[in-house]
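Numbering of residues begins at 1 and proceeds along the displayed sequence.
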Amino acid sequence: MAETTIPMLPCRTSLIDSVVAFYAALGFDTTYLQKSPYAYAVVERGAVELQLYGMKEYDPASSHSGCYVLTEDVDGLHTAFRAGLKAAYGRVPTRGLPRIGPLKDMSYGVRQFLMTDPTGNTIRIGQPISEDPNHRPAPKETFARALHMADLFADSKQDLPGAAKIIDRVLGLTDEEPTPVQRLRLLVLRGDIAQRMGEAERAAALLEEAEGIRLDSDQRVLAGDALARLAELRG
């Protein structure tokens, strides 16, 4: 017997239309929608089904709800979702609500990105990149651990000042040096954070420093996602 799990996510009642429109931009079909006696919607894209229920006093800014979607084509979905959002909003929203984050290889064996709908639900889209199904502990090496923790603070917790503090601390070390790829990743993430915090001059300086790092061909392959994000942030 096969079972199916369907996430039920909260939605501020007054935002039900904008939430449905957000998922429509991502290629979801609205298979059910009611406004009375309470707001409720069902959106589906292939095997993925999300149900949203209205709450009059729900605060999107303090939302911690969401779900994880596993896929075999995370790169394809990221590209498709960004294109859909750009067509719907005239730009790719990367901060505030709604938003979509960059695609990254995580240290715990998953390639993923996060997106958050207009009512604060965060959907993680991921693809395993390791045959080890167990959740891995955080890396112990100084700069790998800093990247791991800063990613979690910036994207999962939305604690931008906390993520910035982690990166600033390790970039200020004098007794250890990151590899060129690690330095690039740290600078791009820190520049991304500065931009999201409205610190335009700080972001520009960090990204300019990242752009000046010399990488060989093998290192450029390893830093592919960071280089793509750098080009986007500098564009």
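- To the nearest 0.5 Å, the span separating CZ on F143 from CZ on R185 amounts to 14.0 Å.
- In the hydrophobic clustering of ILVMFWY residues, with side-chain heavy atoms under 4.5 Å counting as a link, I166 and L186 come out apart.
- L114 and L147 end up in different hydrophobic clusters when Ile, Leu, Val, Met, Phe, Trp and Tyr side chains are linked at under 4.5 Å.
- Residues passing the salt bridge (Lys or Arg N to Asp or Glu O under 4.0 Å) test with D17 are K35, sequence neighbours excluded.
- Under the 4.5 Å side-chain heavy-atom criterion for Ile, Leu, Val, Met, Phe, Trp and Tyr, F22 and F113 are members of the same hydrophobic cluster.
- No side-chain heavy atom of H148 sits under 4.5 Å from any side-chain heavy atom of M106.
- Taking Ile, Leu, Val, Met, Phe, Trp and Tyr as members and joining any whose side-chain heavy atoms lie under 4.5 Å apart, directly or through other members, I6 forms no hydrophobic cluster with any other residue.
- The shortest distance between side-chain heavy atoms of V92 and R99 does not fall below 4.5 Å.
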Counting only pairs under 3.5 Å, give me each side-chain donor-acceptor contact of residues 119-126, with atom names and distances, residues two or more places apart or in other chains.
{"from": "T119", "atom 1": "OG1", "to": "R12", "atom 2": "N", "distance (Å)": "2.9"}
{"from": "N121", "atom 1": "OD1", "to": "S65", "atom 2": "OG", "distance (Å)": "2.3"}
{"from": "N121", "atom 1": "ND2", "to": "P10", "atom 2": "O", "distance (Å)": "2.9"}
{"from": "N121", "atom 1": "ND2", "to": "D117", "atom 2": "OD2", "distance (Å)": "3.1"}
{"from": "T122", "atom 1": "OG1", "to": "T116", "atom 2": "OG1", "distance (Å)": "3.0"}
{"from": "R124", "atom 1": "NH2", "to": "S156", "atom 2": "OG", "distance (Å)": "3.0"}

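- Remark: F153 CZ to D151 CG distance equals 11.5 Å, nearest 0.5 Å.
- Put simply, the side chain of L103 does not reach to within 4.5 Å of the side chain of Q112, judged on heavy atoms.
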Distance-only check: which donor-acceptor pairs under 3.5 Å involve side-chain atoms of residues 203-212, not counting sequence neighbours?
{"from": "E211", "atom 1": "OE1", "to": "R234", "atom 2": "NE", "distance (Å)": "3.2"}
{"from": "E211", "atom 1": "OE1", "to": "R234", "atom 2": "NH2", "distance (Å)": "2.7"}

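- Annotation: ring-ring contact (aromatic ring centres under 6.0 Å, His included) contacts involving residues 37-68, sequence neighbours excluded, are absent.
- Within the structure, no pair that satisfies the side-chain hydrogen bond (donor to acceptor under 3.5 Å, both in side chains) test touches residues 84-97, not counting sequence neighbours.
- Members clustered with I16: V20, L33, by chain and number, using a 4.5 Å side-chain heavy-atom cutoff among hydrophobic residues.
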Name each donor-acceptor pair under 3.5 Å that joins a side chain in residues 24-31 to protein atoms two or more places apart or in another chain, with its distance.
{"from": "T31", "atom 1": "OG1", "to": "V42", "atom 2": "O", "distance (Å)": "3.4"}
{"from": "T31", "atom 1": "OG1", "to": "E44", "atom 2": "OE2", "distance (Å)": "2.9"}

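- Taking E201 as the reference, nothing meets the side chain to side chain contact (heavy atoms under 4.5 Å, CB included) condition, with sequence neighbours excluded.
- Atom-to-atom distance recorded for E57:CD and S14:OG is 9.5 Å, nearest 0.5 angstrom.
- Remark: R190 engages D168 in a salt bridge (Lys or Arg N to Asp or Glu O under 4.0 Å) (not counting sequence neighbours).
- Residues T71 and V74 form a side-chain contact, since some pair of their non-hydrogen atoms from C-beta on lies under 4.5 Å apart.
- Contact record, L97 with P118: CD1-O, 3.9 Å, taken as the closest heavy-atom pair.
- Other residues, nucleotides and ligands contribute only 12 or fewer heavy atoms inside 6.0 Å of the CD atom of E72.
- Contact record, Q182 with P178: OE1-CA, 3.5 Å, taken as the closest heavy-atom pair.
- Connection of M8 to L15 is not established within any shared hydrophobic cluster, with ILVMFWY side chains joined at heavy-atom distances below 4.5 Å, either directly or through further cluster members.
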Check the pair Y108 / V110 against side chain to side chain contact (heavy atoms under 4.5 Å, CB included), numbers first and verdict last.
CA-CA 6 Å; Y108 42 84; V110 176; 4.2 Å; yes
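- Here the closest non-hydrogen pair linking H78 and G101 is NE2-O, 2.9 Å.
- A donor-acceptor pair is defined here as one N or O able to donate and one able to accept, closer than 3.5 Å; no such pair exists between the side chain of E199 and the backbone of R202.
- In terms of the side chain to side chain contact (heavy atoms under 4.5 Å, CB included) criterion, residue partners of P7 (sequence neighbours excluded) are, by chain and number, L9, L50, C67.
- With rounding to the nearest 0.5 Å, the separation of CG in D192 from CG in L230 is 10.5 Å.
- In summary, D155 and R196 engage in a salt bridge, as defined by a charged side-chain N under 4.0 Å from a carboxylate O.
- Between the CG atom in L77 and the CE atom in M115 there is a gap of 8.5 Å [rounded to 0.5 Å].
- Criterion: ILVMFWY side-chain heavy atoms under 4.5 Å apart, direct or through other members. Under it, L187 and L160 are part of a common hydrophobic cluster.
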Pair up each side-chain donor or acceptor in residues 214-226 with any protein partner under 3.5 Å, not counting sequence neighbours, and list the distances.
{"from": "D216", "atom 1": "OD1", "to": "D218", "atom 2": "N", "distance (Å)": "3.1"}
{"from": "D216", "atom 1": "OD1", "to": "Q219", "atom 2": "N", "distance (Å)": "2.7"}
{"from": "Q219", "atom 1": "OE1", "to": "D216", "atom 2": "N", "distance (Å)": "2.9"}
{"from": "D225", "atom 1": "OD1", "to": "R111", "atom 2": "NH1", "distance (Å)": "3.4"}
{"from": "D225", "atom 1": "OD1", "to": "R111", "atom 2": "NH2", "distance (Å)": "2.9"}
{"from": "D225", "atom 1": "OD2", "to": "R111", "atom 2": "NH1", "distance (Å)": "2.4"}

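- The structure places CD of E232 at 9.0 Å from CD of Q195, a figure rounded to the nearest 0.5 Å.
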